[in-house]
Amino acid sequence: MSEAHPELRLAAIRQQCKQLQLPAVSAQCGRLAAQADTAHHSHLAYLEALLGAELDERERRAIDRRLREAHFPLVKTLEEFDFAEAPQIPAATLRTLAEGAYLRRAEPVLFLGETGTGKTHLATGLAVAACRQRRRVRFTTAAALVNDLVEAQHQHQLSRVTNRWAHCELIVIDELGYVALAEVGAELLFQLIAERAEKAAVIATTNLPFSEWTSVFPNARLCKALLDRLTDRAHIIDTGTESYRFRRTLAQRQKNGSPRSLPSPPEDRPGGTGAPTDRPDPEESQRPLTAPPGRAIGSTEADLSTEGNRRRSTLT
């Protein structure tokens with residue numbers, strides 16, 4: 001019997017790979033076969049290379065899926081962070097955390113510092129590292145998380161929603177302390193965090209020192225209990241007060257030879273008098289909902305409905 005034409009053989013192999021759901025084998029079998037023939041590799045060596053390519057492709061697709069499911073506003077890695085520009089941040093500690101031991105031990109990680117000091121970037125970097133380890137990760141702002149819980153309670157879906165969050169091996173709660181929370185929202189947030197204590201990891205970023213958390217959590221007893229859960233066995237990293245983004249922008253303007261100097265960065269503490277800059281703050285731009293003046297996030301069902309309608313009309 002005559003030998004089948006190589007192109008026909010490849011077509012048959014690709015059809016079989018499609019049925020077996022082996023996309024990398026289908027895509028690379030011809031190229032690797034040619035390489036094996038040129039290098040005089042054995043059949044087993046060729047098969048090992050082919051199966052290795054399939055495993056690598058499946059790993060890449062699994063990581064991409066984890067990254068999509070995390071809902072990052074921007075994907076940022078620790079490799080992209082310029083630790084030389086922020087010497088107060090312990091780079092060695094961050095790289096050790098990125099290895100993932102804190103996930104196995106269900107230890108919280110807290111980033112404290114002023115706006116622009118890299119809190120969101122570093123939290124995202126750790127979360128991306130967790131995704132690379134194929135962990136189930138979810139990124140959210142504190143305001144979005146509270147609104148999700150309050151809306152679920154209003155629709156009698158709280159159990160379903162909390163179970164969805166419980167399946168995440170890591171939750172990143174960004175901007176905790178930026179927006180005042182009504183008592184019902186604070187209670188739901190506490191319940192979610194308390195249920196994860198010593199079971200699953202939480203990363204949180206905040207611009208408030210712990211002594212000022214009562215300004216956003218109205219119930220002092222609840223605030224104390226929340227801090228107790230978040231700080232137990234936690235890795236607490238202070239990113240400082242000097243804006244990394246401000247210094248980066250200033251350096252860029254000086255590099256471009258701009259004669260105009262930038263204004264001083266505004267004061268971000270509650271009650272600060274600094275005027276906001278015209279450029280939006282990436283750490284704050286992803287906050288999906290903010291409370292109207294004088295009203296806390298998750299304050300009443302009517303407020304939630306009104307805000308939800310405003311949000312839907314904006315999206316449409």
Side-chain angles (χ1 to χ4, degrees), residues 65-73 103 106 108 123 127 130-131 135-206 213-230 232 284-316:
R65 183 172 64 254
R66 294 300 186 204
L67 290 171
R68 289 194 304 271
E69 292 172 348
H71 296 284
F72 295 117
L103 293 167
C131 288
R135 302 276 190 169
R136 291 186 298 273
V137 177
R138 184 65 188 270
F139 182 102
T140 181
T141 63
L145 176 55
V146 167
N147 278 309
D148 188 32
L149 296 173
V150 172
E151 185 172 359
Q153 184 183 59
H154 176 59
Q155 297 176 352
H156 306 289
Q157 297 288 328
L158 185 59
S159 177
R160 180 184 62 82
V161 171
T162 54
N163 285 336
R164 184 185 69 202
W165 286 103
H167 281 97
C168 296
E169 296 171 90
L170 171 64
I171 295 177
V172 181
I173 306 176
D174 197 24
E175 301 177 356
L176 188 60
Y178 279 62
V179 180
L181 302 178
E183 189 161 353
V184 62
E187 289 175 355
L188 293 173
L189 178 62
F190 169 76
Q191 290 174 18
L192 184 143
I193 291 175
E195 288 173 2
R196 297 182 65 84
E198 301 187 41
K199 297 178 184 176
V202 173
I203 295 177
T205 73
T206 180
W213 276 36
T214 51
S215 64
V216 292
F217 294 96
N219 186 319
R221 189 183 298 273
L222 180 73
C223 180
K224 181 179 179 180
L226 179 64
L227 277 172
D228 180 68
R229 301 301 194 281
L230 280 176
D232 181 35
E284 299 180 7
S285 62
Q286 299 301 325
R287 185 188 307 138
L289 295 178
T290 57
R295 185 174 298 167
I297 285 290
S299 54
T300 65
E301 294 181 358
D303 293 337
L304 179 64
S305 176
T306 301
E307 185 61 26
N309 291 336
R310 183 195 65 76
R311 184 183 181 192
R312 285 190 289 271
S313 64
T314 301
L315 291 175
T316 55

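Computed from a predicted model, the values in this text were never measured in an experiment.
The shortest distance between side-chain heavy atoms of Cys223 and Phe190 does not fall below 4.5 Å. For the pair Leu189 and Leu145, the minimum side-chain heavy-atom distance is below 4.5 Å. Under the 4.5 Å side-chain criterion, counting only non-hydrogen atoms from C-beta, Thr140 is not in contact with Val172. For the pair Leu170 and Leu103, the minimum side-chain heavy-atom distance is below 4.5 Å. With contacts defined as side-chain heavy-atom distances shorter than 4.5 Å, the pair Gln153/Val184 qualifies.
Considering every non-hydrogen atom in both Ala200 and Ala106, the closest pair reads N-CB, 3.5 Å. Of all non-hydrogen atoms in Ala123 and Thr205, the two that sit nearest each other are CB-CG2, 3.8 Å. Closest of all the heavy-atom pairs between Ala130 and Val137 is CB-CG2, 3.8 Å. In this structure, Val161 and Ala152 approach most closely via the heavy-atom pair CG2-CB, 3.4 Å. Shown here for Ala204 and Leu176, the closest heavy-atom pair between the two residues is CB-CD2, 4.2 Å. For the pair Arg138 and Glu69, the tightest heavy-atom approach, listed with the atom from each and the gap, is CD-O, 3.7 Å.
With Asn163 contributing its side chain and Ser159 its backbone, the two residues share a donor-acceptor pair below 3.5 Å. Between the Asp232 side chain and the Asp228 main chain, no donor and acceptor come within less than 3.5 Å of each other.
With sequence neighbours excluded, no residue forms a salt bridge (Lys or Arg N to Asp or Glu O under 4.0 Å) with Glu198. In this structure Arg164 satisfies the salt bridge (Lys or Arg N to Asp or Glu O under 4.0 Å) test together with Asp148, sequence neighbours excluded. Residues passing the salt bridge (Lys or Arg N to Asp or Glu O under 4.0 Å) test with Arg135, sequence neighbours excluded: Glu169. Every residue two or more places apart in sequence or in another chain that forms a side-chain contact (heavy atoms from CB on, under 4.5 Å) with Asn219 is listed here: Glu183, Arg221, Leu222. Shown here are the ring pair (Phe, Tyr, Trp, His ring centres under 6.0 Å) partners of Trp213, two or more places apart in sequence or in another chain: Phe210, Phe217.
Expressed to the nearest 0.5 Å, how far CG of Leu158 lies from CG of Leu188 amounts to 6.0 Å. The distance from atom CD1 of Ile173 to atom CD1 of Ile193, rounded to the nearest 0.5 Å, is 4.0 Å. Here the SG atom belonging to Cys131 is positioned 8.0 Å from the CZ atom belonging to Arg66, to the nearest 0.5 angstrom.
With no hydrogens or angles considered, no side-chain donor-acceptor pair links Asp174 and Thr141 at under 3.5 Å.
Counting only residues at least two apart or on different chains, no side chain to side chain donor-acceptor pair (under 3.5 Å) pair has a member in residues 187-196.
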